[in-house]
Amino acid sequence: MDYVEIARAESERGELVLRERRSADGPPVLELRANGAFVMDTVEVSTERALATAALALVEQPRDVVVGGLGLGFTMHEVLADHRVERCAVVEIEEALVGWMRDGTIHHGPALLADERVHLVVADVAVALAEARPASYDLILLDVDNGPGYLVHAGNAALYEQPLLAAAKAVLRPGGALAIWSADEAPDLDAALTGVFGNSEAQPLQVLLQGRDERYWLYVARVAVGSLGE
């Protein structure tokens with residue numbers, strides 16, 4: 001197996017590397033790493049697709065959707081495959097990753113971004129949610145890190161705490177939902193969601209990865225129909 005670096009960038013959060021795994025018996029595989037840690041690749045995309053599918057099923061009419069975290073674009077791709085979605089705002093803090101998606105360094109990026117429903121925002125998702133208009137979205141998917149117990153960046157701990165959760169609630173319409181992906185059970189997140197929304201549900205996500213059955217978690221909180229997300 002050969003590894004070929006495609007692109008590298010530095011930010012205040014550290015190092016971001018895009019590389020290809022090349023072998024004689026298959027096509028190249030694009031891989032994203034942050035500070036030396038594997039984040040995702042273009043082979044094992046079941047988790048991203050399962051997240052999007054499960055989240056979209058939470059809302060009857062997910063016309064306006066926020067995806068927190070661009071990654072390699074597979075969560076966004078699954079959201080756009082739903083004909084009910086009229087607008088998909090994707091918030092990504094790493095400007096280099098957005099650039100690689102736009103310029104074709106991530107080869108499937110330009111085709112995904114050609115969809116007129118996509119609005120790509122380079123920002124911290126906490127800031128983006130705080131600045132969004134109240135009651136302007138039906139669904140928020142947060143896949144920015146691995147959950148509160150397996151942080152890639154220590155600063156992302158705030159994503160799972162009450163101030164950000166309250167900001168998310170404020171921009172959701174009645175009947176809307178917030179869905180947060182976690183690599184493991186997260187009772188503190190469950191409690192924080194209940195404190196802000198008055199409800200929380202932990203949904204197991206069964207995913208087949210490299211022939212292994214893996215279980216991840218989707219933490220869901222809803223805004224009641226007839227209420228305001230304030």
Side-chain angles (χ1 to χ4, degrees), residues 37-40 44-62 64-71 74-76 78-79 81-82 84-85 88 90-91 125-126 128-129 137-210 212-230:
F38 175 85
V39 177
M40 61 187 62
E44 297 291 1
V45 299
S46 302
T47 303
E48 291 89 342
R49 288 176 173 165
L51 164 66
T53 300
L56 288 162
L58 299 170
V59 181
E60 185 176 349
Q61 290 297 328
D64 295 290
V65 178
V66 175
V67 175
L70 173 61
F74 292 102
T75 301
M76 173 179 65
E78 200 71 15
V79 169
D82 192 316
R84 298 173 298 168
V85 175
C88 179
V90 183
V91 183
V125 70
L129 291 175
Y137 290 97
D138 304 295
L139 178 64
I140 299 172
L141 285 69
L142 289 186
D143 185 19
V144 176
D145 212 309
N146 292 324
Y150 296 91
L151 296 172
V152 174
H153 300 296
N156 285 341
L159 297 171
Y160 308 101
E161 297 170 354
Q162 288 202 3
L164 180 131
L165 302 179
K169 182 183 178 185
V171 303
L172 285 169
R173 294 172 180 145
L178 167 65
I180 302 176
W181 185 84
S182 179
D184 203 352
E185 292 184 89
D188 289 346
L189 174 58
D190 186 69
L193 285 167
T194 300
V196 171
F197 285 81
N199 65 87
S200 178
E201 178 186 355
Q203 296 186 0
L205 288 179
Q206 299 295 143
V207 178
L208 186 66
L209 292 179
Q210 297 181 350
R212 305 186 315 272
D213 287 320
E214 299 285 352
R215 172 181 284 190
Y216 300 116
W217 295 87
L218 191 66
Y219 281 84
V220 174
R222 304 170 190 266
V223 178
V225 176
S227 69
L228 293 176
E230 299 175 346

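Just so you know, residue 1 is the first one in the sequence shown, and it goes up from there.
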Whether the side chain of [X] engages the backbone of [Y] through a donor-acceptor N/O pair (distance < 3.5 Å, no angle test) should be reported.
{"X": "Asp64", "Y": "Asp138", "answer": "no"}
{"X": "Tyr219", "Y": "Leu189", "answer": "no"}
{"X": "Asn199", "Y": "Arg222", "answer": "yes"}

If you define the side chain from C-beta out and look only at heavy atoms, does anything of [X] sit under 4.5 Å from [Y]?
{"X": "Leu178", "Y": "Leu193", "result": "yes"}
{"X": "Ser182", "Y": "Tyr216", "result": "no"}
{"X": "Tyr160", "Y": "Asp188", "result": "no"}
{"X": "Leu58", "Y": "Glu201", "result": "no"}
{"X": "Leu218", "Y": "Leu51", "result": "yes"}

Quiz item: Given the rule in the side-chain contact (heavy atoms from CB on, under 4.5 Å) test, do Val65 and Val59 qualify, once you have shown the distances and angles that lead to the verdict?
Solution: CA-CA 10 Å; Val65 178; Val59 181; over 6 Å; no

Specify the closest pair of heavy atoms between [X] and [Y], including all atoms of both residues, with the distance to one decimal.
{"X": "Ala50", "Y": "Leu205", "result": "O-CD2, 4.2 Å"}
{"X": "Gly69", "Y": "Val144", "result": "N-CG2, 4.0 Å"}
{"X": "Ala52", "Y": "Leu141", "result": "CA-CD2, 3.8 Å"}

Between atom [atom1] of [X] and atom [atom2] of [Y], what is the distance when rounded to the nearest 0.5 Å?
{"X": "Arg215", "Y": "Glu185", "atom1": "CZ", "atom2": "CD", "answer": "7.5 Å"}
{"X": "Leu139", "Y": "Gln61", "atom1": "CG", "atom2": "CD", "answer": "12.5 Å"}
{"X": "Leu142", "Y": "Trp181", "atom1": "CG", "atom2": "CH2", "answer": "12.5 Å"}
{"X": "Met76", "Y": "Glu48", "atom1": "CE", "atom2": "CD", "answer": "12.0 Å"}
{"X": "Thr75", "Y": "Met40", "atom1": "OG1", "atom2": "CE", "answer": "7.0 Å"}
{"X": "Ile140", "Y": "Leu172", "atom1": "CD1", "atom2": "CG", "answer": "4.0 Å"}

Quiz item: Of Val91, Val67, Val90, which meets side chain to side chain contact (heavy atoms under 4.5 Å, CB included) against Val125?
Solution: Val91

Practice problem: Would you sort out whether Arg173 and Val223 count as a side-chain contact (heavy atoms from CB on, under 4.5 Å), showing the intermediate values? | Solution: CA-CA 7 Å; Arg173 294 172 180 145; Val223 178; over 6 Å; no

Exercise. Take Leu56 and Val85 through the side-chain contact (heavy atoms from CB on, under 4.5 Å) test and state the conclusion after the steps.
Key: CA-CA 9 Å; Leu56 288 162; Val85 175; 4.0 Å; yes

